[in-house]
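Everything below concerns the one structure shown next.
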2 protein chains.
Amino acid sequence: MRWRYTLCFVGILSVFLGLTMIIPLICSLITQDDSARSILLSAAITETFGLLLFFGFRIRNNDYISPREGIAIVALGWIAAGFFSALPFYFGHVFETFTDAFFESVSGITTTGASVMTNIEGVSSSLLLWRSFIQWLGGMGIIVLSLAILPLLGVGGMQMYKAEVPSPIPDKLKPRIRDTAMILWKVYAGITIAEIVFLMFGDMSFYDALNHALTTMPTGGFSTKNLSVAHYDSVYIETVIIAFMMLAGINFSLHYQMLLGKPLAFWEDSECRFFISFVLIVTLIVTINIYPVYDSFGKALRYASFQVVSIVTTTGYGSADYELWPSMSQMILLLCMFIGASAGSTGGGMKCMRIMIYFKYCYKELISLIHPRAVSHIKLNAQPVSSDVVSSVLGFLGLFVGLFALSSVMLAAMGVDLVTAFSAVASAIGNIGPGLGTVGPTENYASLPAMGKWLLVWCMLLGRLEIYTIIILLVPEFWRK
Amino acid sequence: MRWRYTLCFVGILSVFLGLTMIIPLICSLITQDDSARSILLSAAITETFGLLLFFGFRIRNNDYISPREGIAIVALGWIAAGFFSALPFYFGHVFETFTDAFFESVSGITTTGASVMTNIEGVSSSLLLWRSFIQWLGGMGIIVLSLAILPLLGVGGMQMYKAEVPSPIPDKLKPRIRDTAMILWKVYAGITIAEIVFLMFGDMSFYDALNHALTTMPTGGFSTKNLSVAHYDSVYIETVIIAFMMLAGINFSLHYQMLLGKPLAFWEDSECRFFISFVLIVTLIVTINIYPVYDSFGKALRYASFQVVSIVTTTGYGSADYELWPSMSQMILLLCMFIGASAGSTGGGMKCMRIMIYFKYCYKELISLIHPRAVSHIKLNAQPVSSDVVSSVLGFLGLFVGLFALSSVMLAAMGVDLVTAFSAVASAIGNIGPGLGTVGPTENYASLPAMGKWLLVWCMLLGRLEIYTIIILLVPEFWRK
């Protein structure tokens, strides 16, 4: 564990983050709002800190980064990004406390979308753009993390995706990350631009289209409107957003394969098939269940499909108040928070791949009761899954459920009611956004106690960094020489 | 799969069950209640059915029973016992529908203790005794099942306990079961008698003491009073019941070892240490949390300890309305429903042993991120746990959680609210008894729709027979030659 390396990389990340603050700054100068000063101040602090770290711990030669250093860079990098991204909100007096600013910022950078803003439309355009933009950056980070960094570290079964993006398998971490990242970011940016264009066809202003595209692609879910997507009350806009949420919930290496001219890539990937089938089946069930509420099959399908896709992809936009739906639909949405989208997408939650491996594992165990001596292997995409990957996946799911239970009890200890506590933690750890109860789709997280917000910040980071990357920092072994 | 064997054993079981109906019959004759006729009728039907099966499919030589046949005997046996035990309630007009009678009876035979009786004290003494007695029989069955039958079948990691009770390891199932069963049943009956004596010292009538002892030892929780144990409002009685619930929640092979003169058996067993420590820690947390409700440390400790032990051991007696407690305590109790007592006890739930193995597994996975090449083994009681056992345990936990989620959604689909649906299913699958919401400690399951009761009957059987034994019947492979 060389601290020098870790801190140098955190410095580079901060310098980069500070530079991106030029985007809200330009927005502020165009719209003539009064946020320019606070953005400049935040950028200055971020740059100073970043440059101090970078020059203080400069690396002379680009040599091998150990797994432990990789983990420390990821964890500290995300926390630092959350801290610096909060500064514009704090200096811009959007929130009264730094806790709230930090909550909103971590909710952004982890692509969660849980908000403590009580009146979104009262905040300056430049700061709202910054809020959307950090989600987009978080999504960018997560694609690289889940497709390039975590597979090499062997975190939570992500090694499945080691060889998905064509590139030589290196024994050095850095060149690999750079190659993979460039390809995936181009795809990510390309789809984002496409969504802006599609949304503008639906009579959305450029500013709104930009913001919503920046928060759809990372499956973030921050909106510039108090009512979220329900504000527009437009079937066209909802349909476009559903389509792009689905794209964002699919493994980005499949998008790249599509672009390389493999039109069947989605269909040939069993995780993608599972993800799409799951969404279709759940939408159908919820549509039937909420039909009596709307008394129209069309309306029921419209609201069910949007809300199911929004939750399963872990985006978290709202187009209807699902707390008015029958308890079965609410329960399905709550359980969907755990499932999440595909591995290698920007979505959170447990991920379809892990759920599939667990299903297959349980079935294998059942069969082994009937044929105790038979040896069978779990297969995914017709390839046997190594026992290392299976172990990682099982360990991941156990940690996920255990930390969910522990955090729920801690949140309830702060006087939060049962349904709110369960759903707030599920929503935070799955990086979704809204929950049920007092954190439901029509309310937000502002009313929670400050300690509860810090707990949820911790949960959002846990979920976003695939649990292992954060929880491993608590294992004493990690810090030993 | 030889049907002949399976049905013959189910016949033997029914004959035995029918004979035990002599106990409520004697009670009825002594108390001169009007239930004698319905008990006699039930016994006659049960005997007729049992003898028909036994003679119809008589086995000529006692040869080897295959694992599949073992599983079918256990599953069909429990279902048949649930059916026949329901007859006295049905013929005695305790319930209006057979659904209710069957629910109460399966709740008894699975040692759950969930009730659909709206006025327990209005039911005749002999039928209440039968209700308690079938819980006691269910507990007897479960000890043999979990310590003698399931380990041989390799269900859910139970093979851990294969060699715990001293007896030669046979390749034939029957002699082993008989030996083990006799030892364990003596222990079980002995402790039950001790509890009757202790309860009578607390000024409980013989009849009440008998009933409560018959339902404590199987961690069942049926009471003869509408208010459950709160009826007596006696610290002495609550303390006695706490002590015996704890005994019932400990692996019965440890009780046997104690009797063989190993006084440290409890302490030397790591699952037992975990179980006792867990109960102590949770009691402490709940006591502190509910202190403001009672404004007295003594009262808070009294109600917290009783309710925690009652839920963790999956007994389900009530001494306080925990729905008036802060949400944190309610959530802790809800989560405790999943943990359950020790493997090899009469308690339900996931079992401490499996939780421990899962904790150790997750920790091992964390460490393997730091030392990717290190090979480590999970140990329990200083013995390495075989990878087969670990696989079985992980598969079990996955099925448990998956079936819990699926059943909750199905119960909610019947119009049951979120908290009630979650807690009713958790309570049924963990064989506890009370839940939260409309199935809370002061209410019961009578108000649920009939379909919901059948669903919960299925959950109770699933939980009691360690999931695998029931779910495997749904796998087509099981029925193939």
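Per chain, numbering begins at 1; letters A, B, ... match sequence-line order. Bear in mind that the values here come from a model prediction, so they are computed numbers and not experimental data.
Here the closest heavy-atom approach between residue Val416(A) and residue Ser327(B) is recorded as O-OG, 2.6 Å. The two residues Leu335(A) and Ala405(B) come nearest to each other via the heavy atoms CD1-O, 3.8 Å.
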Under the side-chain contact (heavy atoms from CB on, under 4.5 Å) criterion, do His371(B) and Arg68(A) qualify, and how do the steps go? CA-CA 10 Å; His371(B) 304 297; Arg68(A) 271 196 255 187; 4.3 Å; yes
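Shown here is Phe359(A), whose CZ atom has no more than 12 heavy atoms of other residues, nucleotides or ligands within 6.0 Å. Residue-environment remark: CE (Met410(A)) stays at or below the threshold of 12 foreign heavy atoms within 6.0 Å.
The contact between Leu436(B) and chain A is made entirely by side chain atoms (from C-beta outward), counting heavy-atom distances below 4.5 Å. With a 4.5 Å cut-off on non-hydrogen atoms, Val409(B) touches chain A through its backbone and its side chain both. If you measure heavy-atom distances from Tyr363(B) to chain A, the contacts under 4.5 Å come from the side chain alone. For Leu334(B), the part lying under 4.5 angstrom from a heavy atom of chain A is the side chain only.
Taking CD1 from Ile332(A) and OG from Ser408(B), the interatomic distance works out to 11.0 Å, rounded to the nearest 0.5 Å. Atom CG of Asp388(B) is separated from atom OG of Ser368(A) by 7.5 Å, given to the nearest 0.5 angstrom. Separation of atoms SG (Cys362(B)) and CG (Leu399(A)) is listed at 4.5 Å; rounding is to 0.5 Å. Atom-to-atom distance recorded for Ile472(A):CD1 and Glu365(B):CD is 10.5 Å, nearest 0.5 angstrom. Atoms CG and CE, on Leu411(B) and Met328(A) in that order, are 10.5 Å from each other to the nearest 0.5 Å. The OG atom of Ser391(B) sits 3.0 Å away from the OH atom of Tyr361(A) when rounded to the nearest 0.5 Å.
Listed for the Tyr468(A) side chain is no donor-acceptor partner under 3.5 Å among the backbone atoms of Leu369(B). In this structure, the side chain of Tyr358(A) does not engage the main chain of Gly395(B) through any donor-acceptor pair within 3.5 Å.
Partner of Leu366(B) under the side chain to side chain contact (heavy atoms under 4.5 Å, CB included) criterion, out of Ile467(A), Val475(A), Leu474(A): Val475(A) alone.
Annotation: side chain of Val401(A) is not in contact with side chain of Phe338(B) (no heavy-atom distance under 4.5 Å).
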